[in-house]
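To start, the structure itself, in structure tokens.
What you see is a predicted model, and the numbers here were worked out from it, not measured in a lab.
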Amino acid sequence: MRIRKPWFRASKNAWYVEVNGKQVRLAIGKENEKAALDAFYKLMAGEPRQQADDSLLVVTLCDLFLEYSLLHHAKKSYRLYKDFLQSFCKQHGRLPALQVKPFHITRWVDYHPTWKGARRHAIVAVKRVYSWGEQEGLIASNPIRHVKKPPSNRRERVVTAAEKQQIMAAIKDQVFRDFVFALQETGCRPGEVAAVTAADCNFELGVWILKQHKTVGKTGRPRIIYLTPAMVELSKRLAAKHPTGPLFRNTRGRAFTGNAIRCRFKELRKKHPNLAGVVAYTYRHAFATKALVSGVGIAQVAELLGHTSTQMVSHYYSHLAEDVAHLRQAALTATQSIAAQT
């Protein structure tokens, strides 16, 4: 699938985009990329919308959606959409969009048995395309509106204090040890730790302030990560070492990628079978659970994790049902409070 996007032509010292087979100049000067993008958005907005067409192919609908996604979604979201939609189009791309049935979705995901949890994301991606296509008037109706997506799995694995010590002892290089320590101390998503720079650090307030993050589209505000004293000191050390670019880097001085992080934890699990199920995200779950058990309010935990509501904390991160001692103490506190009132 070919995605339409602006490019810079050095020989003309100008930004161009191809529309309907013709190259349109957007702005002059390489430094005027923002002006070129603004001109591109206006050009796209001024294009006549394609009328709903019963013959519109799945691949065409997906192409149009990816053009939209490239401009309006975060890069990570765009890449996820692109990967799933390319897979779907490989199997059903030549079908007319309105002839796609729930059966085609089921057959497609069943063709990828290793996806497991990714099945939900795959179905969401295709449903998003059709929902967008209907809203934009590209298709007259949405034939997969009622396709059910698998429920999101509640995350059960929590890394224990002993396992944290074991993992730290097993990591030989200081740079990855620093990265894992940051996961442990902040409850951040791995991608947030990998992306933070010296410019994101406010040492006076003791926080990281990320302007670009996973939920910026929903919240419209930066992600504030509150640092423990140990994390402030670690951040200062790394900021002095890396005044520009990411703070946390691998042994080659490059930013940690998602795949590299997965491989490091896979290696740890291979060497230590008792760590089965432990991934980078497990530290985030453990952070939330420990906070709740320690009496931190659910609203405060949601804020610390960067969630927009307490619902995500309740569903994904609160493993209190397994903590019998904590719930027994909660029951005792509740009955004592009631007895004091009678």
Side-chain angles (χ1 to χ4, degrees), residues 73-77 79 155 158-159 164 167-168 171 173-262 264-265 278-292 294 296-310 312-313 316-317:
H73 296 148
K75 290 182 179 179
K76 183 176 181 180
S77 298
R79 288 195 296 267
R155 301 177 178 110
V158 176
V159 62
K164 290 176 184 177
I167 290 170
M168 283 297 185
I171 299 173
D173 54 291
Q174 184 63 46
V175 289
F176 192 59
R177 193 178 295 116
D178 288 341
F179 184 87
V180 173
F181 182 76
L183 293 176
Q184 173 182 306
E185 293 290 298
T186 64
C188 281
R189 302 174 179 92
E192 292 172 337
V193 176
V196 70
T197 69
D200 299 320
C201 299
N202 185 320
F203 295 122
E204 183 178 350
L205 296 178
V207 297
W208 293 340
I209 303 176
L210 304 182
K211 294 181 180 179
Q212 298 298 324
H213 56 93
K214 181 178 179 180
T215 59
V216 66
K218 294 181 179 179
T219 64
R221 57 189 177 91
R223 163 90 157 99
I224 299 177
I225 297 156
Y226 303 88
L227 306 177
T228 62
M231 273 306 302
V232 171
E233 292 306 311
L234 174 59
S235 299
K236 286 182 178 179
R237 172 167 65 83
L238 295 178
K241 185 177 181 180
H242 305 298
T244 60
L247 292 186
F248 298 89
R249 306 187 186 194
N250 61 24
T251 53
R252 297 182 179 180
R254 301 173 183 172
F256 283 103
T257 64
N259 188 56
I261 297 166
R262 285 191 293 271
R264 292 299 297 263
F265 274 92
V278 173
V279 296
Y281 236 92
T282 308
Y283 279 85
R284 181 167 166 84
H285 313 155
F287 179 91
T289 301
K290 183 177 179 181
L292 291 167
S294 300
V296 179
I298 192 169
Q300 287 72 35
V301 173
E303 178 68 22
L304 290 172
L305 295 176
H307 287 309
T308 56
S309 72
T310 60
M312 294 287 287
V313 176
Y316 289 109
Y317 301 111

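- A distance-only check finds no donor-acceptor pair linking the side chain of R223 to the backbone of L210 [under 3.5 Å].
- Side-chain contact check for V180 versus F265: some heavy-atom pair is nearer than 4.5 Å.
- Scanning for side chain to side chain donor-acceptor pair (under 3.5 Å) contacts around E204 gives an empty result, with sequence neighbours left out.
- Classification of the F179-F176 ring pair by plane angle, with boundaries at 30° and 60°, yields parallel.
- Side chain of T289 to backbone of A286: no donor-acceptor contact under 3.5 angstrom is found.
- For A280 against I261, the heavy-atom pair with the smallest separation is CB-CG2, 3.6 Å.
- A distance of 10.5 Å separates CD of Q174 from CZ of F181, quoted to the nearest 0.5 Å.
- Heavy atoms only, all atoms of each residue included: G206 and V232 are closest at CA-CG2, 4.1 Å.
- The minimum heavy-atom distance linking T282 with V159 is given by the pair CG2-N, 3.4 Å.
- The closest side-chain heavy-atom distance from D178 to L238 is below 4.5 Å.
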>> Run the side chain to side chain contact (heavy atoms under 4.5 Å, CB included) test on K164 and I167 for me, step by step, so that the C-alpha distance in whole Å, both residues' side-chain angles and the decisive distance to 0.1 Å come before the verdict.
In response: CA-CA 5 Å; K164 290 176 184 177; I167 290 170; 5.8 Å; no
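- Annotation: side chain of D200 is not in contact with side chain of I209 (no heavy-atom distance under 4.5 Å).
- Partners of N202 according to the side chain to side chain donor-acceptor pair (under 3.5 Å) rule, which considers only residues two or more places apart in sequence or in another chain, do not exist here.
- Here the side chains of L305 and F287 are in contact, with some heavy-atom distance below 4.5 Å.
- You'll find the side chain of E303 reaches within 4.5 Å of the side chain of Y226, heavy atoms only.
- By the neighbour-count criterion of 12 heavy atoms within 6.0 Å, atom NZ of K290 is sparsely surrounded, having that number or fewer from other residues, nucleotides or ligands.
- In this structure a side-chain-to-backbone donor-acceptor pair under 3.5 Å is present from E192 to R189.
- Using a 4.5 Å heavy-atom cutoff, the side chains of D173 and R264 are in contact.
- Between the T186 side chain and the C188 main chain, a donor and an acceptor come within less than 3.5 Å of each other.
- Between A291 and V301, the shortest heavy-atom contact is CB-CG2, 3.8 Å.
- None of I224, L227, T197 except one satisfies the side chain to side chain contact (heavy atoms under 4.5 Å, CB included) rule with W208; the exception is L227.
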Distance-only donor-acceptor pairs under 3.5 Å for side chains of residues 239-248, two or more places apart:
unit_1	atom_1	unit_2	atom_2	d
H242	ND1	R249	NE	3.4

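- No donor-acceptor pair under 3.5 Å is formed between the side chain of S77 and the backbone N or O of H73.
- Taking 4.5 Å as the limit, some side-chain heavy atom of L234 sits within range of a side-chain heavy atom of R237.
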